[in-house]
Enquirer: 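What follows is a structure written as structure tokens; I'll ask about it next.
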Amino acid sequence: MASIQKDIPIAAPAAAVWDAVRDFGAVHTRVAPGFVIDTKLDGDVRIVSFANGSVVREQLVDCNNERRRLVYAIKNERITQHSASFQIVPDGEERCRVIWTTDVLPHEIAPHIEQQMELGARAMQDTLSRTR
């Protein structure tokens, strides 16, 4: 299984960033606008529309306020295994890091996933750094 990790420095307090990340249905407005163009909730699934035209169903696995960690999973015809997590780690009082980890199969899709994560990381850094 391919495992991809992005460590994203954010110029905002961890509590404020966690408040945005845990808002499962607002990733298109609070976390990565431009990269994600729409999100709709269907129970504990969010239907995410990306700027590249892709639409995926992301199943909420866990949202742990104490650990500031959110986990979701995707399963579709192209992806046999996809589990991702965001964990918000304080880095002083006014900064934090978003640790975004994705485990995915098949291996052949990993380069595409990593490229998309890089674009998403940039959007997150820009947006979340304005969070207070």
Enquirer: Mind checking what makes side-chain contact (heavy atoms from CB on, under 4.5 Å) contact with Leu60, not counting sequence neighbours?
Expert: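 Leu60 satisfies side-chain contact (heavy atoms from CB on, under 4.5 Å) with Phe24, Asp44, Cys63, Leu70 once adjacent residues are dropped.
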Enquirer: Taking ring-ring contact (aromatic ring centres under 6.0 Å, His included) as the test, write out the residues that go with Trp18, two or more places apart.
Expert: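 Partners of Trp18 by the ring-ring contact (aromatic ring centres under 6.0 Å, His included) criterion come out as none, since no residue qualifies.
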Enquirer: I want to check something: taking the side chain as every heavy atom from C-beta on, are Thr39 and Ile47 in contact at a cut-off of under 4.5 Å?
Expert: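 Side chain of Thr39 against side chain of Ile47, heavy atoms only: no contact under 4.5 Å found.
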Enquirer: Quiz question: by atom type and distance under 3.5 Å, do the side chains of Asp103 and Ser3 form a donor-acceptor pair?
Expert: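 Ser3 and Asp103 do have a side-chain donor-acceptor pair below 3.5 Å.
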Enquirer: Could you tell me which residues satisfy side-chain hydrogen bond (donor to acceptor under 3.5 Å, both in side chains) with His82, sequence neighbours excluded, listed by chain and number?
Expert: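 So His82 forms no side-chain hydrogen bond (donor to acceptor under 3.5 Å, both in side chains) with any residue.
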Enquirer: Per the ring-ring contact (aromatic ring centres under 6.0 Å, His included) rule, what does the pair list look like for residues 104-132, sequence neighbours excluded?
Expert: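 Pairs touching residues 104-132 that pass the test: none.
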Enquirer: Can you see which heavy atom on Thr80 is nearest to which on Pro106, and at what distance?
Expert: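 Where Thr80 meets Pro106 most closely, the heavy atoms are OG1-N, 3.9 Å.
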Enquirer: Begin from the C-alpha positions of Arg57 and Ile74 and carry the test side-chain contact (heavy atoms from CB on, under 4.5 Å) through to its verdict.
Expert: CA-CA 6 Å; Arg57 294 178 60 86; Ile74 300 170; over 6 Å; no
Enquirer: Any ring-ring contact (aromatic ring centres under 6.0 Å, His included) pairs touching residues 113-132, not counting sequence neighbours?
Expert: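 Those involving residues 113-132 do not exist here.
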Enquirer: Are Ile113 and Trp100 connected in a single hydrophobic cluster, I mean Ile/Leu/Val/Met/Phe/Trp/Tyr linked by side-chain heavy atoms less than 4.5 Å apart?
Expert: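 Yes, because Trp100 and Ile113 connect within a single hydrophobic cluster, where side-chain heavy atoms sit under 4.5 Å apart.
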Enquirer: So, Lys40 and Asp42, do they make that salt bridge, N to O below 4.0 Å?
Expert: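 A salt bridge is absent here (no side-chain N lies under 4.0 Å from a carboxylate O).
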Enquirer: According to the ring-ring contact (aromatic ring centres under 6.0 Å, His included) rule, which pairs have a member within residues 39-62, sequence neighbours left out?
Expert: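 Counting only pairs at least two positions apart or across chains, the ring-ring contact (aromatic ring centres under 6.0 Å, His included) contacts touching residues 39-62 are Phe35-Phe50.
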Enquirer: Taking side-chain hydrogen bond (donor to acceptor under 3.5 Å, both in side chains) as the definition, give me every residue that meets it alongside Asp23, ordered by chain and number, with sequence neighbours left out.
Expert: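 Arg30.
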Enquirer: Any sub-3.5 Å donor-acceptor pair from Thr127's side-chain atoms to Met124's backbone N or O?
Expert: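 No; judged by distance alone, with no hydrogens or angles, the pair does not exist.
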Enquirer: Compare all side-chain heavy atoms of Val61 with those of Ser83 and state whether any distance is below 4.5 angstrom.
Expert: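 No; the side chains remain at least 4.5 Å from each other.
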Enquirer: Is a side-chain donor-acceptor pair under 3.5 Å present for Asn65 with Arg22?
Expert: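 Yes, a side-chain donor-acceptor pair sits under 3.5 Å.
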Enquirer: Do you know which two heavy atoms are closest between Val17 and Ile10, and how far apart they sit?
Expert: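 Scanning both residues completely, I find the closest heavy atoms to be CG2-CG2, 3.7 Å.
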Enquirer: Do Ile79 and Ile109 make a side-chain contact, defined as non-hydrogen atoms from C-beta onward lying under 4.5 Å apart?
Expert: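 Ile79 reaches Ile109 side chain to side chain.
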Enquirer: So, do Arg46 and Val27 sit near enough that their side-chain heavy atoms are less than 4.5 Å apart?
Expert: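 Answer yes - side chains close enough.
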Enquirer: Would a hydrophobic clustering, with Ile, Leu, Val, Met, Phe, Trp and Tyr connected at side-chain separations under 4.5 Å, put Leu119 with Val56?
Expert: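 Cluster IDs for Leu119 and Val56 match.
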Enquirer: Which residue pairs satisfy the side-chain hydrogen bond (donor to acceptor under 3.5 Å, both in side chains) criterion with at least one member in residues 116-125, sequence neighbours excluded?
Expert: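 As it turns out, the side-chain hydrogen bond (donor to acceptor under 3.5 Å, both in side chains) pairs with a partner in residues 116-125, which skip direct neighbours, are Lys6-Glu118, Asn52-Gln116.
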Enquirer: Write down the atom of Pro33, the atom of Ala123, and the distance for their closest heavy-atom approach.
Expert: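 Closest heavy-atom pair between Pro33 and Ala123: O-CB, 4.2 Å.
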Enquirer: Spell out, yes or no, whether Ile37 and Leu128 are grouped together once hydrophobic residues are joined by side-chain heavy atoms under 4.5 Å, including indirect joins.
Expert: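 No, Ile37 does not connect to Leu128 through the hydrophobic network.
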Enquirer: Give the table of side-chain donor-acceptor pairs shorter than 3.5 Å for residues 84-96, with sequence neighbours excluded, one pair per line with atom names and distance.
Expert:
{"from": "Gln87", "atom 1": "NE2", "to": "Arg67", "atom 2": "O", "distance (Å)": "3.1"}
{"from": "Glu94", "atom 1": "OE1", "to": "Arg132", "atom 2": "NH1", "distance (Å)": "3.4"}

Enquirer: Applying salt bridge (Lys or Arg N to Asp or Glu O under 4.0 Å) as the test, list every pair that has at least one member in residues 69-82; sequence neighbours left out.
Expert: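 Pairs touching residues 69-82 that pass the test: none.
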Enquirer: For Gln5, what residues pass the side-chain hydrogen bond (donor to acceptor under 3.5 Å, both in side chains) criterion, not counting sequence neighbours?
Expert: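 side-chain hydrogen bond (donor to acceptor under 3.5 Å, both in side chains) list for Gln5, sorted by chain: empty.
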Enquirer: Within this structure, what is the CD-CG distance for the pair Glu58 and Leu41, rounded to the nearest 0.5 Å?
Expert: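 If I round to the nearest 0.5 Å, the distance is 11.0 Å.
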Enquirer: Can you name the residues that form a side-chain hydrogen bond (donor to acceptor under 3.5 Å, both in side chains) with Asp7, not counting sequence neighbours?
Expert: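 Scan of Asp7 (side-chain hydrogen bond (donor to acceptor under 3.5 Å, both in side chains), adjacent residues dropped) gives Arg97.
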